[in-house]
Amino acid sequence: MSTSGTPQFRYTQTPSKVLHLRNLPWECTEEELIELCKPFGRIVNTKCNVGANRNQAFVEFADLNQAISMVSYYASSSEPAQVRGKTVYIQYSNRHEIVNNKSPGDVPGNVLLVTIEGVEAGDVSIDVIHLVFSAFGFVHKIATFEKAAGFQALIQFTDAETASSARNALDGRSIPRYLLPEHVGSCHLRISYSAHTDLNIKFQSHRSRDYTNPYLPVNPTAIEGITQPAVGPDGKKKEPESNVLLASIENMQYAVTVDVIHTVFSAFGTVQKIAIFEKNGQTQALVQYPDITTAAVAREALEGHCIYDGGYCKLHLSYSRHTDLNVKAYSDKSRDYTIPDASLLAVQAAPGVPAAPPAWQNPQAAPLYPGNEYSAAAAVHGQVPSGQVPSWDPTMQGGRSTYVSAPGTYPGQNFATSSSIPAYGAASAVAMPAGSSPLSHTGPLSQPGVPPNVRPGGASPPGVRPGGVSPPGQPPYYGQ
DNA sequence: AGCACA
């Protein structure tokens with residue numbers, strides 16, 4: 001049945017359960033899509049707002065015949081398929097199922113994550129953002145920040161419906177020119193849903209607003225946004241206490257992984273979440289405890305200490321303005337230990353690592369360390385040559401139960417750590433393919449499961465090669 | 001108005 005008037009060039013028309021719909025209104029919702037299609041059968045999946053103009057969609061029927069019935073119906077109907085008065089063109093898709101890679105950003109919520117492409121933070125004021133998004137409903141809160149992705153804003157609406165109308169209307173579009181400085185070329189908005197439901201705005205500032213609370217203190221100096229606390233008039237840090245600590249790491253000669261942070265901070269209580277990021281070329285980490293008291297103890301104990309002996313990776317701690325971090329459960333830069341499966345994921349993500357139950361908390365390591373003579377790590381673990389990192393390996397956490405005092409050890413030395421910490425000698429034999437040197441470029445910790453000089457003789461797993469190139473001066477573990 | 005990779 002080749003309709004002579006409509007050339008079916010290029011696209012073959014083999015029937016498929018999946019229909020491709022085009023010329024939809026760009027605001028078309030999934031509900032409207034379903035309304036249009038459900039008379040013909042059971043819809044098992046949809047994907048709307050597809051394409052650069054968001055005016056295409058896919059609908060997948062449970063049965064091929066249902067799709068055929070819809071296509072046939074509109075092929076012979078005098079009334080075209082319509083959504084909001086627009087004629088919708090329907091064809092068989094050239095695929096046979098809808099793959100819904102619904103990324104987290106596609107899961108609707110009341111908070112939008114808006115990336116403003118092609119501008120710098122100073123180019124778009126929070127008032128302009130507020131103006132633009134207020135067109136769709138009451139904007140409760142806005143937080144802006146700069147990330148690798150560019151200038152971003154979290155915008156909180158009352159509900160997911162309002163947020164989604166704003167998203168549908170504005171995603172891919174631009175802020176009107178007259179609201180922008182002249183030097184700004186194009187400025188496209190990329191909008192996804194945030195997993196946040198309620199933003200934690202502590203100040204009215206040029207970076208953040210809470211429109212529900214006009215009495216919120218104004219903080220004109222809150223330039224650093226989420227990272228740095230404000231400084232009060234007396235010069236003292238004016239930081240409200242928080243259960244989340246912000247750690248800035250100075251003199252970072254060695255890689256500091258999530259596991260390292262976890263180990264260090266677990267000495268004071270349960271670490272719930274960790275996020276590591278770069279800020280102005282410096283590595284920072286957010287560490288979340290269940291309560292302020294624990295955070296305060298950790299802060300007091302660790303402030304000014306070094307993770308590694310010799311002044312490496314010196315910690316500066318302050319209270320974050322966050323109270324609950326929103327982090328990926330398991331990535332190389334973040335961890336959420338409150339998710340039960342996180343340890344499982346960790347194991348899966350690190351082949352060769354045995355499934356030792358992570359010791360989220362180590363009560364033995366909870367004392368305070370008033371003295372400064374040892375690095376923080378030395379204080380916590382009693383044993384820490386810089387870069388001598390067996391104790392930091394994630395797999396060690398379950399097995400570590402002994403604290404051997406061995407300060408005064410230095411990078412580059414080859415310690416028989418397995419003998420000094422017998423508690424996890426066995427674990428390391430399994431866990432450690434061996435590899436990097438304390439003095440390697442990547443640092444001792446950058447390769448999970450491929451650390452340092454712990455290598456109980458002959459116990460290396462067969463077929464496992466040292467991860468990476470042995471740096472100069474490093475005695476090879478697999479010497480031959 | 002013409003096929004998705006987030």
Side-chain angles (χ1 to χ4, degrees), chain A residues 1-34 36-37 43-61 64 66-68 70-109 111-118 147-150 152-155 160 163-164 166-173 188-196 326-329 331:
Chain A
M1 46 158 173
S2 47
T3 20
S4 50
T6 41
Q8 302 296 331
F9 57 100
R10 278 189 298 201
Y11 293 94
T12 55
Q13 294 292 301
T14 26
S16 163
K17 284 185 302 183
V18 181
L19 299 183
H20 176 226
L21 293 80
R22 56 203 151 81
N23 202 36
L24 290 157
W26 47 267
E27 336 63 316
C28 179
T29 63
E30 186 183 29
E31 287 70 38
E32 290 171 303
L33 210 57
I34 291 171
L36 177 70
C37 302
I43 296 153
V44 297
N45 211 344
T46 65
K47 189 170 185 66
C48 57
N49 307 116
V50 164
N53 299 325
R54 316 197 123 260
N55 57 2
Q56 299 173 48
F58 297 90
V59 172
E60 180 177 339
F61 283 100
L64 177 64
Q66 298 169 346
I68 293 175
M70 181 164 183
V71 170
S72 330
Y73 175 84
Y74 284 112
S76 58
S77 167
S78 53
E79 294 290 311
Q82 288 192 327
V83 169
R84 300 194 191 195
K86 281 193 82 178
T87 295
V88 177
Y89 299 86
I90 303 168
Q91 288 178 294
Y92 299 113
S93 172
N94 53 23
R95 305 200 196 175
H96 288 86
E97 64 178 16
I98 291 178
V99 291
N100 256 5
N101 323 332
K102 264 209 171 146
S103 64
D106 289 329
V107 179
V111 178
L112 295 178
L113 172 63
V114 179
T115 303
I116 307 175
E117 297 174 341
K147 278 211 165 172
Q152 296 191 306
L154 288 164
I155 300 175
S164 99
R167 184 183 117 117
N168 288 337
L170 294 176
D171 191 19
R173 303 172 87 87
H188 290 287
L189 302 173
R190 287 281 165 246
I191 305 180
S192 60
Y193 294 103
S194 164
H196 285 100
N326 198 328
V327 297
K328 276 208 178 89
S331 81

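A quick note: this is a predicted structure, and the numbers were derived from the prediction, not measured. Proteins get letters first, then strands, A, B, ... in listed order; numbering begins at 1 in each. Computation of the quantities below employed the complete heavy-atom set of this structure, encompassing side-chain atoms and omitting hydrogens, waters and symmetry-equivalent molecules.
- Across the protein-nucleic acid pair, A:His96 atom NE2 and B:dA4 atom C1' stand 16 Å apart, rounded to whole Å.
- Rounded to whole Å, atom P of B:dC5 lies 6 Å from atom NZ of A:Lys47.
- A:Val99 comes within contact range of at least one nucleobase, with a heavy-atom separation under 4.0 Å.
- The pair A:Asp106-A:Arg167 meets the salt-bridge criterion, since a charged nitrogen lies less than 4.0 angstrom from a carboxylate oxygen.
- Across the protein-nucleic acid pair, A:Lys17 atom NZ and B:dA4 atom P stand 19 Å apart, rounded to whole Å.
- Computed from coordinates, the A:Ile98 CD1 to B:dC5 P distance equals 13 Å when rounded to whole Å.
- As rounded to whole Å, 11 Å separates atom P of B:dC5 from atom CD of A:Gln56.
- Taking atom CZ on A:Arg95 and atom C1' on B:dA4, their separation rounds to 5 Å, with Å as the unit.
- When the nearest nucleotides of DNA chain B are assigned to A:Asn55 and A:Val18 by heavy-atom distance, the more 5′-ward of the two goes with A:Asn55.
- For the pair A:His96 and A:Lys17, the tightest heavy-atom approach, listed with the atom from each and the gap, is O-CE, 3.9 Å.
- Computed from coordinates, the A:Asn49 CG to B:dA6 P distance equals 17 Å when rounded to whole Å.
- With sequence neighbours left out, A:Pro104 forms a side chain to side chain contact (heavy atoms under 4.5 Å, CB included) with no residue at all.
- Across all strands, A:Glu97 comes closer than 4.0 Å to base atoms (heavy-atom distances).
- Rounded to whole Å, atom P of B:dA6 lies 18 Å from atom NE2 of A:His188.
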Report all side-chain donor-acceptor pairs from residues 52-59 of chain A shorter than 3.5 Å, counting only partners two or more places apart or in another chain.
unit_1, atom_1, unit_2, atom_2, d
A:Arg54, NH1, A:Asn49, O, 3.4
A:Arg54, NH2, A:Asp171, OD2, 2.8
A:Gln56, OE1, A:His20, NE2, 2.8

